[in-house]
Amino acid sequence: MQETVDVVVIGGGQAGLAAGYHLRRAGLDFVVLDGQDSPGGAWQHTWDSLHLFSPAAYSSLPGRLMPPQPGETYPDAAHVVGYLTDYEQRYDLPVHRPVRVEAVHRDGPFLRVEADAGTWRARAVISATGTWARPFVPAVAGRTEFRGAQLHTVEYQRPADFAGQKVIVVGGGNSGAQIAADLAHGSDLTWVTLREPRYLADDIDGRALFDAATARRRALDEGRADTGGVASLGDIVAVPPVRAVRDAGLLKAQPMFTRLTPTGVAWADGMTAEADAIIWCTGFRPALAHLAPLGLRGPQGHIPTAGTQALGEPRLHLLGYGDWTGPASATLIGVGRPARDAARAIADLLR
Ligand code: FAD
């Protein structure tokens with residue numbers, strides 16, 4: 001099967017849907033190809049207790065406010081999945097799933113998108129494949145020696161799976177703090193962070209992160225000094241469950257260890273800790289393998305962009321991967337603006 005369209009959007013999570021919304025408004029002919037069996041992107045695979053760090057109204061895609069979740073200021077992941085499911089139906093977005101894109105090639109005036117379910121020829125491509133598919137674990141000495149379980153954030157589900165066990169949680173971001181808080185009561189927890197945990201003030205939440213990212217974008221757009229963006233505020237949103245465990249004195253962070261041993265971890269000063277399991281909450285990398293044939297990779301594995309547009313291939317836009325593809329673009333509320341900019345740029349290019 002081979003189909004020709006104006007635009008192929010690769011990935012049907014929140015970024016792909018926001019792109020679809022704006023492509024529709026721009027009057028372009030497009031398809032969204034998503035590797036999942038059902039709607040919701042990465043939100044289908046988070047741990048049970050995960051709640052957003054912003055209220056529903058501040059977690060909305062373009063065109064439609066996320067409705068509040070009854071009884072919850074901060075909606076849970078299932079609520080987000082429901083919202084995204086409704087969003088793609090409401091706007092009748094042409095999402096094909098499960099369709100896994102394997103490679104994108106230049107093909108004369110087209111980009112050829114090769115997937116397990118067929119081939120599409122597109123005049124432009126928006127890649128919106130997120131980061132969840134590429135968990136990152138740092139290279140730490142002894143990783144293969146440790147005889148216990150090692151898992152990444154993406155594999156963690158619930159504290160009951162570790163009841164009574166000695167667990168080491170690695171990572172000082174939101175995932176590390178939330179999973180450590182989840183485990184603090186039922187497990188023998190050691191929380192390890194690269195540097196002293198930096199909490200945002202208790203009275204601010206994800207809204208402040210979005211405001212900081214927006215202020216930074218404005219400052220840079222207007223040629224003013226860099227305000228530092230979200231990094232200037234802290235690393236951890238003190239959501240209620242994290243705050244409760246921290247205030248109970250159960251979230252004391254240890255510095256990063258230097259190696260794994262067969263039974264746990266060891267620090268440079270000779271201190272050791274035993275562990276049944278180590279949970280690596282050490283982040284993600286952008287899932288860009290399907291773009292390898294275009295030969296666009298720059299330093300740090302990123303593809304150099306101006307806004308969302310790839311510098312080496314103007315028909316390709318990258319959406320939702322992080323601040324490098326638009327300020328706060330890896331959040332629900334932040335992806336709308338770069339999605340609009342990408343759709344407009346493509347409409348101009350194809351005109
Ligand atoms: P994804 O949701 O990962 O969607 C990408 C889609 O593309 C997936 O369906 C995937 O299967 C598909 N795909 C990947 N590769 C291919 C391929 N080759 N072919 C076809 N399909 C493919 N944001 C907020 O706004 N508020 C929060 O409170 C918040 N909390 C977060 C908590 C955690 C623990 C994490 C990890 C993130 C959080 N985020 C939050 C950030 C962000 O909203 C999510 O990471 C979001 O899921 C990113 O959306 P996306 O559409 O870019 O990627």
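Here the structure is a predicted model, which is why all the values come from computation and not from measurement. All ligand and atom numbering here is 1-based and tracks the order in the structure.
For ligand 1, one of its N or O atoms has an N or O atom of Ala15 under 3.5 Å away. The N/O atoms of Ile333, backbone and side chain alike, include none that comes under 3.5 Å of an N/O atom in ligand 1. In terms of polar-atom proximity, defined here as any N/O pair under 3.5 Å, Gln14 does make such a contact with ligand 1. Looking at ligand 1, you'll find an N or O of Gln36 within less than 3.5 Å of one of its N or O atoms. By the 3.5 Å distance cut-off applied to N or O atoms, Asp34 is counted among the residues near ligand 1. Between Phe53 and ligand 1, at least one pair of N/O atoms sits closer than 3.5 Å. For ligand 1, the polar-atom distance check against Gly41 finds no nitrogen or oxygen pair separated by under 3.5 Å. For a threshold of 3.5 Å applied to N or O pairs, the pair formed by Ala42 and ligand 1 contains at least one separation below that value. Below 3.5 Å of separation, one finds an N or O of Val101 facing an N or O of ligand 1.
Contact analysis leaves Tyr321 out of contact with ligand 1, as no non-hydrogen atom separation drops below 4.0 angstrom. The closest approach between a heavy atom of Ser59 and any atom of ligand 1 is not below 4.0 Å. Distances shorter than 4.0 angstrom do not occur between any heavy atom of Thr153 and any atom of ligand 1. Taking 4.0 Å as the cut-off, Ile10 counts as a neighbour of ligand 1 on heavy-atom distance.
Nearest heavy atom pair, residue Leu200 against residue Val237, reads CD1-N, 4.1 Å. Tyr74 approaches His51 most closely through the heavy-atom pair O-ND1, 2.7 Å.
Geometric assessment of Arg143 against the ring of Trp280 yields a positive cation-pi assignment under the 6.0 Å and 45° thresholds. In this structure, Arg246 is positioned above the aromatic face of Tyr199, its NZ or CZ under 6.0 Å from the six-membered ring centre and within 45° of the axis. Both the sub-6.0 Å distance and the 45° axial angle are satisfied by Arg285 relative to the ring of Phe136.
Close approach of ligand 1 to Leu52 is summarised as follows: ligand atoms under 4.0 Å from at least one heavy atom of the residue are 26 (N), 27 (C), 28 (O). Heavy-atom contacts of Ser175 reach the following atoms of ligand 1: 34 (C) (cutoff under 4.0 Å). Near Gly320, with a cut-off below 4.0 Å to any heavy atom, the atoms of ligand 1 are 52 (O). Atoms of ligand 1 lying under 4.0 Å from any heavy atom of Leu33, numbered from 1 in the order shown and given with element: 20 (C), 21 (N). With ligand atoms numbered from 1 in the order given, ligand 1 contributes 24 (C), 25 (O) to contacts under 4.0 Å with heavy atoms of Leu332.
Atom 42 (C) of ligand 1 has as its closest protein heavy atom Ala330 O, 2.8 Å. Protein heavy atom closest to atom 16 (C) of ligand 1, with residue, atom name and distance, is Thr129 CG2, 3.5 Å. Trp132 CZ3, 3.4 Å is the protein heavy atom nearest to atom 36 (C) of ligand 1. The nearest protein atom to atom 4 (O) of ligand 1, hydrogens excluded, is given as Gly13 CA, 3.5 Å; this is a heavy-atom distance. Closest to atom 53 (O) of ligand 1 among all protein heavy atoms lies Gly130 CA, 3.4 Å.
Of the residues listed (Arg315, Arg123, Arg121), the one engaging Asp6 in a salt bridge (charged side-chain N to carboxylate O under 4.0 Å, His left out) is Arg123, and it is the only one.
If you look at Thr46 next to ligand 1, there are no close heavy atoms at all, none under 4.0 Å. At a 4.0 Å heavy-atom cut-off, ligand 1 touches Trp47 through the side chain alone. Looking at Trp43 against ligand 1, only its side chain comes within 4.0 Å, counting heavy atoms. Contacts of Ala128 with ligand 1, taken as heavy-atom pairs under 4.0 Å, involve the backbone alone.
Between Asp276 and Lys166 no salt bridge is recorded (no basic side-chain N to carboxylate O distance below 4.0 Å). Using a 4.0 Å cut-off between a side-chain N of Lys or Arg and a carboxylate O of Asp or Glu, Arg243 and Asp247 do not qualify as a salt bridge. A salt bridge does not link Arg198 with Glu196: none of the charged nitrogens is closer than 4.0 Å to a carboxylate oxygen. Using a cutoff of 4.0 Å between basic side-chain nitrogens and carboxylate oxygens, Asp48 and Arg158 are scored as salt-bridged. With respect to the salt-bridge test (charged N to carboxylate O, under 4.0 angstrom), the residues Arg24 and Asp92 do not qualify. Salt-bridge annotation for Arg97 and Glu88: present, with a side-chain N of the basic residue lying under 4.0 Å from a carboxylate O of the acidic one.
For atom 34 (C) of ligand 1, the nearest protein heavy atom lies closer than 4.0 Å.
Side-chain contact between Ser175 and Trp47 is present, with heavy atoms from C-beta onward closer than 4.5 Å.
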